[in-house]
2 protein chains.
Amino acid sequence: MLKLEPNIKKNLRATGRRMTRTRQAVLSLLQKTRQPVSATEIFERLHQEKVAIDLVTVYRTVHVLKELGLVLQLDLHQEGLSRYELKEGRKHHHHIRCQICGQIEDLLLCPLKKVTKLIEQQTQFIVDDHTLEFTGLCPQCQ
Amino acid sequence: MLKLEPNIKKNLRATGRRMTRTRQAVLSLLQKTRQPVSATEIFERLHQEKVAIDLVTVYRTVHVLKELGLVLQLDLHQEGLSRYELKEGRKHHHHIRCQICGQIEDLLLCPLKKVTKLIEQQTQFIVDDHTLEFTGLCPQCQ
DNA sequence: TGGTATTTGCAATGGACTTGCAATAAGAAG
DNA sequence: CTTCTTATTGCAAGTCCATTGCAAATACCA
């Protein structure tokens, strides 16, 4: 079972929501998945594990988890779909994706703190988020 | 008329393509538009100018211009659509977008050269592109 | 264990973008 | 300037990711 589960359930209850079998299944899948996954991938992998869940429910579940701040939604360049990853316990990071095989790897660095200050000065915006993604060829596809 | 036009026409002819009235119209609109525009926006603005063009043709046109390397395609975070801007004569840059009003501003800096080297060492990927975007509140929406 | 509000599944819908095909028009040749 | 070939356009239909409406199922508190 999930270590996170009791906390998450509390989180859900605090907003009048319930911990259901399908939400557990999605959380559990996200927890054991390394790469960010799309709704369709969640749907397919759960079906492989004989978990009955509708694709609509997957979309609604990741949406709720995102609202609770438990999940991050990624929109990688020109993929035309969203991917999701557990935020719980993870540090701020970015990604690099292989243009050939689609493999996605985490980048544990973020070089943007100073730049953010600079941009706020230059533009008078208040910056509250950024997205950064690299694309290229992974070692296997070179 | 467009200063770019003769060059672009040459470009088109070199790949067996033609300079048409609709392509001129799209190019001309892109040239006078500051912010990156979506296909639908191109469609609507041209119709305001009484230029008859189908939305499909807009999509096909920006696709061709992108193939020729004249146009950049941007997929800003969670917008769910693509935007396009003329590449011609412009330096590499990034964008910041206001979460309230959607205004997009250019950022003329790019802090990623050194980071790219580092990432290539760390991951063994060959990096060939990156996307970087900031979101926040513009001065008017704060 | 029952009652009620949340959640789910199914079907239908929405929005961005693409594709097939016949009609139109660019532009090279005469 | 006219003709001819071939690229391009417009329209209709289709695809893909995602959302919405609603009745049936189910979490969970009393």
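Predicted model, so just to flag it, every value in this text is computed and none were measured. Protein chains get the first letters and strands the later ones, always in sequence-line order, with residue 1 at the start of each.
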Please state how far atom CG in A:D54 lies from atom P in D:dA18, giving the value in whole angstrom units. 14 Å
Classify the nucleic acid contact of A:R18 as base, sugar-phosphate or nothing, counting any heavy atom under 4.0 Å across all strands shown. base
What is the 5' to 3' range of DNA chain C, first to last nucleotide, that sits under 4.0 Å from any heavy atom of chain A? C:dA5 to C:dA11
Give the minimum heavy-atom separation between A:R83 and A:P36, together with the two atoms involved. NH1-O, 3.0 Å
Polar contact flag, side-chain donor to acceptor under 3.5 angstrom, A:T15-A:R17: yes
Just how far, in rounded Å, is P of D:dA7 from CG of B:N11? 18 Å
Which part of the nucleic acid, if any, lies within contact of B:L55, taking any heavy atom under 4.0 Å across all strands shown: a base, the sugar-phosphate backbone alone, or nothing? nothing
If we count only N and O atoms by modelled type, under 3.5 Å, do the side chains of A:Q99 and B:D128 hold a donor and an acceptor together? yes
Tell me: CZ of A:R21 to C1' of D:dC28, nearest whole Å? 14 Å
Between B:K9 (NZ) and D:dT8 (C1'), how many Å, whole number? 14 Å
Heavy-atom side-chain contact between B:V127 and A:T135 under 4.5 Å: no
Given atom CZ of B:R13 and atom C1' of D:dT5, what is their separation to the nearest angstrom? 12 Å
Rounded to 10°, the angle between the first-five-pair and last-five-pair axes of the helix from C:dT1-D:dA30 to C:dG30-D:dC1 is 30°
Please work out if A:S82 contacts a base, only the sugar-phosphate, or nothing of the nucleic acid, heavy-atom cut-off 4.0 Å. sugar-phosphate
Separation of A:H130 NE2 from B:E133 CD (nearest 0.5 Å): 11.0 Å
Can you check whether A:R13 reaches A:R18 side chain to side chain, under 4.5 Å on heavy atoms? yes
What are the two closest non-hydrogen atoms of A:C98 and B:F125, and how far apart are they? N-CE2, 3.7 Å
Residue pair A:Q73 / A:Y84: nearest heavy atoms and the distance that separates them: CG-CE2, 3.7 Å
Comparing B:S38 and A:G16 on DNA chain C - which has the more 5′ nearest nucleotide: A:G16
Tell me if the centroids of the rings in A:H47 and A:F43 come within less than 6.0 Å of each other. yes
Rounded to the nearest 0.5 Å, what's the gap from CD1 on A:I119 to CG on B:L107? Could you check? 4.5 Å
Members of residues 57-81 of chain B that approach DNA chain C, where some heavy atom sits under 4.0 Å away: B:Y59, B:R60, B:G80, B:L81
Between A:T40 and A:S38: side-chain donor-acceptor atoms closer than 3.5 Å: no
